[in-house]
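Before any comments, here is the structure.
All chains are named by letter (A, B, ...) in the order of the sequence lines, taking the proteins before the strands, and each is independently numbered beginning at 1. Note that these values count all heavy atoms, side chains included, but never hydrogens, waters or copies made by symmetry.
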Protein chains: 2
Amino acid sequence: MTKVIQQDVYPSMMISYDQGVDKIEPIKLGKRLKEIRKSLGLTLEESSKKTGLARSTLSKIENEQISPTFQVMQKLTNGLQIDIPQLFAPPKQISATGRRDVTRNKQGRAHPTSTYEHELLATQLTNKKMMPFKSLVRARDFAEFSEWVRHDGEEFLLVLSGEITFFSEFYEPVNLNEGDSVYYDANMGHMIISISEADALILWITAS
Amino acid sequence: MTKVIQQDVYPSMMISYDQGVDKIEPIKLGKRLKEIRKSLGLTLEESSKKTGLARSTLSKIENEQISPTFQVMQKLTNGLQIDIPQLFAPPKQISATGRRDVTRNKQGRAHPTSTYEHELLATQLTNKKMMPFKSLVRARDFAEFSEWVRHDGEEFLLVLSGEITFFSEFYEPVNLNEGDSVYYDANMGHMIISISEADALILWITAS
DNA sequence: AGAAAAAGTTTCCAAAAGGAAACTTTTTCT
DNA sequence: AGAAAAAGTTTCCTTTTGGAAACTTTTTCT
C-alpha cells in the first residue's frame with residue numbers, strides 16, 4: 001500500500017478553506033508586494049539584489065503592469081523570505097460574527113467519486129473551522145480503495161442511515177449502525193464501506 | 001534538506017517543499033497540478049472549460065514546459081477550486097496520533113437541560129477540535145429561553161429527525177426539516193425550538 | 001535653492017508564455 | 001484485432017513577460 005490514491009478524492013479538495021469558492025476576488029498582488037517590500041524597508045534595487053530580478057520587473061509587478069510567472073514569484077518569495085499565505089490571505093480581517101448558511105436536504109454541492117457520493121454543506125461560507133458533508137457510501141469492498149485515506153485534522157462521523165464498516169489503522173474494524181458515531185484523528189488511515197442493503201448515508205465533519 | 005512526501009489526497013498538501021534557502025526551490029508545480037486534476041477526475045478538456053485556459057497551455061504547465069503567470073494560476077485555482085497559498089505552503093507535518101472513539105446510538109453522556117436533552121458524543125477523547133453532541137429539542141416556544149444562546153466558535157447543526165425553527169440574531173427565523181443543516185458563528189445569538197409533533201432530534205457540532 | 005544621488009518608471013527588445021490547430025497516443029468501442 | 005473517439009502533446013504563431021538601459025521623479029546633500 002504505497003500508491004497515491006487516485007480514484008477517491010476527499011471533498012475538501014473541492015473547497016478551499018481560505019479562499020472563497022463562489023467569490024472570485026482578484027488578489028491585488030502588486031499592491032501587496034509593494035506593502036511588503038516597504039515594510040521590510042527595502043528599495044527596488046535592494047529587492048532586486050535579493051531576488052535576482054530586474055528592478056524594472058519588480059516595478060512593473062508592483063504596479064500591476066505585468067503578471068509574474070510562477071518562476072518569478074518563487075524568486076520573489078525566496079529572496080524576500082516572505083511566505084505566501086501572508087501574501088494572499090492576510091487582508092481578510094473580516095470579523096467572523098454573524099455568518100449563517102442554511103443547506104437544505106440534498107441541496108449541497110454534489111461531488112461524486114467512485115467510492116462515495118459526497119454532498120458538501122454550507123459551501124457559501126468560507127474560512128470555516130469545520131467542513132461538513134454528507135456522503136453516500138457506495139464502496140462495498142475494502143479492495144475498492146488502493147490506500148488508506150489520510151489527511152490532516154480530526155474527523156467526526158455519524159451514520160445517518162444504513163450500516164457501515166469503519167476501518168482504521170491501529171484498530172479493529174467496527175460496524176456502525178444508524179445513530180452510531182466515531183471521532184478520530186484523520187491522519188490515521190481510515191476508510192468506510194457500506195454493508196447494508198441500501199448504500200449507507202453518513203455525515204462527516206472535518207476540522208484542521 | 002528533508003523532502004516531505006505526502007501521500008495524502010488534499011491538493012493543497014501535495015506540494016513538496018524544501019527548506020532550501022539560497023537555491024530557488026523547484027516546486028514541482030506541474031506534477032502536482034496534474035495529480036490534482038487526475039484526482040478530481042478531470043480531463044484536460046474539462047479542466048480547460050473550467051479554467052478558461054487552453055488545453056495546450058494546461059498540458060505544457062503540467063509537463064513543466066512553461067511557468068504559468070500569476071494570472072493563469074488564478075484562473076487555475078479558481079476554476080479547479082484549489083487554494084493558492086497552500087500550493088506554496090509547506091505541508092503540515094502530520095503528527096501520528098491515532099485516537100478513535102466510537103459512540104453507540106444513545107450511549108453518549110447525557111446532559112439534560114430545561115430546553116434540550118443533550119447527549120455528548122466521543123467523550124472519551126479530550127482536547128478535541130470539535131465537540132459533537134445530539135440534542136433532543138424539547139423547547140416549543142422561544143419564550144422558554146431567557147436570552148440568546150451565545151458562545152465562542154462556530155457551530156454546525158443537522159436535523160436528524162423532526163422539524164425545528166432556528167432563530168438567530170441578524171437573520172429571519174428559518175424552519176429546518178430532517179436532513180437540513182445550518183452553519184453559523186456561535187457568538188451570534190441563536191436558539192432552537194421544535195415544531196414537529198415529536199421532539200426534534202438534532203446533531204450539533206461546535207469548534208472554537 | 002540647486003546639484004547630485006537615489007529611487008522609481010518607462011522604453012525597447014529578446015525570451016518566454018498562451019492559444020488554435022495539427023499531430024500523436026491512449027482508450028473505447030465494435 | 002481494427003476503427004473510431006477521446007485524451008494528451010507538439011507545432012506554429014501572436015501576445016506578454018523580463019531585463020538592460022534610458023528616462024523621470026524624489027530625496028539628500030551642500
**OP:** Let me know the distance between CD of E46(B) and P of dA7(D), rounded to the nearest Å.
**Re:** 7 Å
**OP:** Return the value, rounded to whole Å, for the distance between atom CD1 of I66(B) and atom P of dG18(C).
**Re:** 5 Å
**OP:** Just call it for S59(B): base, sugar-phosphate, or nothing, with non-hydrogen atoms closer than 4.0 Å on any strand.
**Re:** base
Subject >> Distance test, side-chain N/O of Q65(B) to OP1/OP2 of dT10(D), below 4.0 Å >> reply: yes
**OP:** Mind checking T43(B) for me? I need base, sugar-phosphate or nothing, with any heavy atom below 4.0 Å counting as a touch.
**Re:** sugar-phosphate
Original post:
So which heavy atom on A200(B) is nearest to which on S194(B), and how close?
Top reply: N-OG, 3.0 Å
Original post:
Atom CG of L58(A) to atom C1' of dG8(C): distance rounded to whole Å?
Top reply: 11 Å
Subject >> Counter-base of dA14(C), judged by Watson-Crick or G-U geometry with both distances under 3.5 Å >> reply: dT17(D)
**OP:** Figure out the NZ/P separation between K38(B) and dT26(C), and round it to whole Å.
**Re:** 11 Å
Subject >> Atom-to-atom span, NZ of K49(A) to P of dG19(D) - whole angstrom >> reply: 15 Å
**OP:** Look at N63(A) and dT9(C) and indicate whether a side-chain polar atom (N or O) is within less than 4.0 Å of OP1 or OP2.
**Re:** yes
**OP:** State plainly whether the residues K49(B) and E45(B) are in salt-bridge range, i.e. N to O under 4.0 Å.
**Re:** yes
Subject >> Single hit among L160(A), I192(A), L158(A) for side chain to side chain contact (heavy atoms under 4.5 Å, CB included) with I202(A) >> reply: I192(A)
Original post:
Using 30° and 60° as the class limits, which term best fits the ring planes of F156(B) and Y183(B): parallel, tilted or perpendicular?
Top reply: tilted
Subject >> Position toward the 5' end of DNA chain D (nearest nucleotide), T57(B) or Q71(B) >> reply: T57(B)
**OP:** Could you tell me whether L53(A) contacts a base, only the sugar-phosphate backbone, or nothing, with contacts defined as non-hydrogen atoms closer than 4.0 Å?
**Re:** sugar-phosphate
Original post:
Charged N to carboxylate O under 4.0 angstrom, K128(B) versus E154(A)?
Top reply: no
Original post:
DNA chain D: E62(B) or T69(B), which has the more 5' nearest nucleotide?
Top reply: E62(B)
Original post:
Looking at K34(A), does any N or O in its side chain come under 4.0 Å of the phosphate oxygens OP1/OP2 on dT9(C)?
Top reply: yes
**OP:** Spell out yes or no: do the side chain of K60(B) and the base of dG8(D) have one donor N/O and one acceptor N/O closer than 3.5 Å?
**Re:** no
Subject >> F70(B) CZ to dT16(D) C1', straight-line distance once rounded to whole Å >> reply: 17 Å
Original post:
Whole-Å distance between dA6(C) P and E45(A) CD?
Top reply: 10 Å
Original post:
Who is the Watson-Crick or G-U wobble partner of dA7(C), with both distances under 3.5 Å?
Top reply: dT24(D)
Subject >> R55(B) (side chain) and dG19(C) (base): donor-acceptor pair under 3.5 Å >> reply: no
Subject >> Pairing partner of dC29(C) (Watson-Crick or G-U wobble, both distances under 3.5 Å) >> reply: dG2(D)
Original post:
Between atom CG in L44(A) and atom P in dC23(D), what is the gap in whole Å?
Top reply: 20 Å
Original post:
Under 6.0 Å between ring centres, would you say that holds for Y184(B) and F166(B)?
Top reply: yes
